[in-house]
Amino acid sequence: MILPDKLYGDGVKVPLVGAVSISNPWDLLIGDRFYTRGRMQKFYNRVLGDSLKGAAKLRQEAYARLSDWEGIEKSRSIRDFNNYSARIAGNFETIDAFHRWASCARLVTNVSVPLFCLNAIDDPVCTDEAIPWDEIRIGSGIGRLQRFYSGVSRESAAAEDVITEMLRRKPMPSIVDFNNEIVELSRKGHYLKATESFRKMNMAGVKMSEHTISIVTNCFGKLKLMDQGLSLLGHSIKSGLEIDDHVIASIVDGLMFENRVDDAISFFKKILMFGNRHPSTVLYNILLKGSCQAHDYKRAIQIFDTMDFEHDIISYSILISHLLDRKEFQEAVSLLNRMLCDTRVVPDSALFGSVMKSLLDSNYLQDARMILPLMVQQNTYFQANFFNVVVGYFCQRGMVKHAEGVVQFMLKRCITPTVITFNTLLLGYCLSKKLHSAERLYQLMIRGSLNVSADIVSATTLLKCYCSNPSSLEKGLKFFEKTFGKKTMVFAPNAVTYATIIQALFKAKNPDLASEYLHEMKSRDIHASQKLYGVALNGFVTNGDLESANSYFNEPENDVFNNNVVVWNIMIKGAIINGRFVLAKAYMDGMIKRGIKPDLKSFTPMLIAFYAHNFTIEADNLVSEMRKIGIPLWLVCNELKVAYEKSWLAVEKKRLWIAMKKLETEAMS
DNA sequence: TTAGGGTTAG
């Protein structure tokens with residue numbers, strides 16, 4: 001055993017519990033055995049080659065570590081395995097680092113991990129230690145692009161320029177290089193630029209691969225231009241490209257993203273019949289996810305059942321977390337049990353993480369605690385995706401110090417934080433109004449000093465940081481221009497980015513500038529989303545601009561969003577707070593006419609208004625109407641209580657109090 | 001040699 005006692009700079013000793021020993025690890029591999037072996041060989045050579053030339057004993061030791069690791073990882077997909085080993089090969093240079101990695105593989109059954117979480121959630125331990133940012137490995141996150149470009153002109157440039165340069169070269173680089181650059185564009189949200197580059201490549205006569213088609217289709221999907229995606233598919237078939245699973249996945253995913261669930265499913269069936277092939281689990285999972293996102297739970301179950309013993313851990317994960325979010329605990333638990341009995345799947349850290357998240361979100365702390373012993377019992381390998389949930393839990397509650405403690409813990413245990421860990425922490429700083437820390441973390445991510453680089457979520461979160469405080473709003477606007485502006489666009493903004501800034505401007509009572517951004521978004525061909533639409537409407541009505549709200553509401557292209565009850569609730573509430581009862585009533589009639597069922601939040605503003613103006617008969621009628629459609633009265637009481645406490649509508653408080661008490665007794669009876 | 005499905009931002 002050559003593992004050193006001190007594995008880290010700060011001298012933290014990592015306990016090694018329950019090392020796995022397998023006599024012949026190669027037998028445990030699934031799928032591409034030789035391919036994988038080659039990868040591992042490459043990794044081995046890279047890691048050991050530099051620092052250990054000729055040291056036979058250490059090589060032997062290294063081989064033993066690799067064996068252990070494979071045994072542990074056998075439950076994961078071959079792709080994860082390959083990617084991970086490639087990353088490790090790229091990042092680890094010295095034998096010291098190699099030992100760190102090896103010890104990481106041995107932490108599988110380290111009981112102190114769940115114990116830490118248990119304590120942390122019950123009785124969070126705060127740490128004053130600063131996160132050792134320097135010790136988080138310097139990765140090769142943004143390397144690919146820079147590496148290529150430095151060979152071209154020594155300047156850093158956008159992937160788009162790289163592609164132009166590549167097209168000029170003679171002979172042109174391989175399609176793999178082009179693919180990498182389009183992926184780079186797509187990763188930063190430059191979907192339009194990606195499709196434009198694809199056109200240029202096409203004109204220059206570059207021979208495309210299936211992978212190119214899949215990436216570009218994906219971009220069309222994100223742009224909600226799936227009709228173009230489908231026509232691209234037609235061209236590809238004509239030009240003799242094989243339609244592989246990746247291309248089908250991109251199309252199905254794109255159609256789902258456009259909410260065309262029926263189209264997606266019929267395409268899925270047709271293309272499979274056309275190629276006479278068996279659908280992969282990944283394809284099924286895309287359908288599952290799409291159905292869940294479209295709130296078509298019945299269909300999701302149907303798909304799950306037709307999968308016929310082919311569900312994997314992700315299928316279970318999608319369905320279970322969806323059930324939990326819908327608060328269907330019975331169903332979720334029975335599915336969880338079914339999964340635990342299913343010998344073909346091994347529950348992983350991500351699954352337990354998402355279950356835990358749903359439980360924490362619903363404030364079921366006791367049940368959340370139960371997940372941890374279950375994980376130990378199942379011998380789950382703890383990974384960042386689980387800890388991200390714990391980090392998020394603290395961040396959401398403004399306990400960013402505790403979140404930092406969790407990150408510390410991860411680092412000490414060699415559980416490498418992901419971009420989601422840092423983005424979550426960034427949000428934590430934002431919610432705790434620690435702008436300085438947020439800025440510093442973002443800078444580290446942008447500069448590539450961490451093992452991951454910043455993405456559009458990081459940038460949007462920092463934007464929220466600036467915008468949530470009136471004193472830094474100006475800085476936020478500048479940041480927006482610098483990061484998302486047309487001239488110096490680092491990331492291509494999306495509906496979330498615009499929603500963030502628009503919401504902040506409305507809140508800062510600057511509806512004019514908010515409208516400007518709304519127009520700018522439209523001029524940049526960025527589609528509004530249901531949430532952004534709500535943000536804009538709410539912004540108009542709370543700023544007393546019913547006219548703009550109404551005209552935005554009536555724009556034909558927004559009509560698709562008006563099928564959501566939330567929108568109508570915003571309009572009703574908006575009319576009421578601006579003293580327009582007749583208008584509120586008109587909206588109420590309008591939604592019923594459209595076939596949308598009013599819910600609690602549709603009725604309460606009007607009810608409060610009736611109470612406030614002492615229209616007791618009308619209020620009583622409304623209450624009985626709510627009763628008729630099955631809205632529990634205690635929920636109404638809760639709403640009134642909130643309105644009372646917040647002095648909503650500047651109502652006569654005493655009247656509201658009396659009404660509330662009266663309703664409470666009614667609810668009890 | 002490159003890639004698809006579960007978690008992060010409104």
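All values below were derived from every heavy atom in this structure, side-chain atoms included, with hydrogens, water molecules and symmetry-related copies excluded. In what follows, chains carry the letters A, B, and so on, assigned in the order in which the sequence lines appear, proteins first and then strands, with residues in each chain numbered from 1. As the structure is a prediction and not an experimental result, all values here were calculated from the model.
Base contact: A:Ser280 has a heavy atom under 4.0 Å from a base atom. Counting any heavy atom pair closer than 4.0 Å across all strands shown, A:Asn494 reaches a base atom. Nucleic acid contact class of A:Val535 (heavy atoms, under 4.0 Å, all strands): none. No engagement by A:Ser174 is indicated, since no non-hydrogen atom pair under 4.0 Å with the nucleic acid exists. Counting any heavy atom pair closer than 4.0 Å across all strands shown, A:Ile314 reaches a base atom. Residue A:Ile175 is classed as having no contact, given no heavy-atom separation below 4.0 Å to the nucleic acid. Within 4.0 Å (heavy atoms only), A:Ile286 reaches sugar-phosphate atoms of the nucleic acid but no base atom.
Salt bridge status for A:Lys475 with A:Glu439: present, with a side-chain N to carboxylate O gap under 4.0 Å.
The side-chain tip of A:Lys224 points at the ring of A:Phe257 from less than 6.0 angstrom away and within 45° of straight on.
Interface remark: the A:Asn180 side chain does not form any donor-acceptor pair with the B:dT2 base, using a distance-only criterion of under 3.5 Å. A donor and an acceptor atom never sit less than 3.5 Å apart when one is taken from the side chain of A:Asp245 and the other from the base of B:dA3.
Following rounding to the nearest Å, A:Leu336 (CG) and B:dG6 (C1') show an atom-to-atom distance of 14 Å. With rounding to whole Å, A:Gln383 atom CD is found 16 Å from B:dT7 atom P.
Close placement of the A:Phe540 and A:Phe506 rings is indicated, their centers lying within 6.0 Å of each other.
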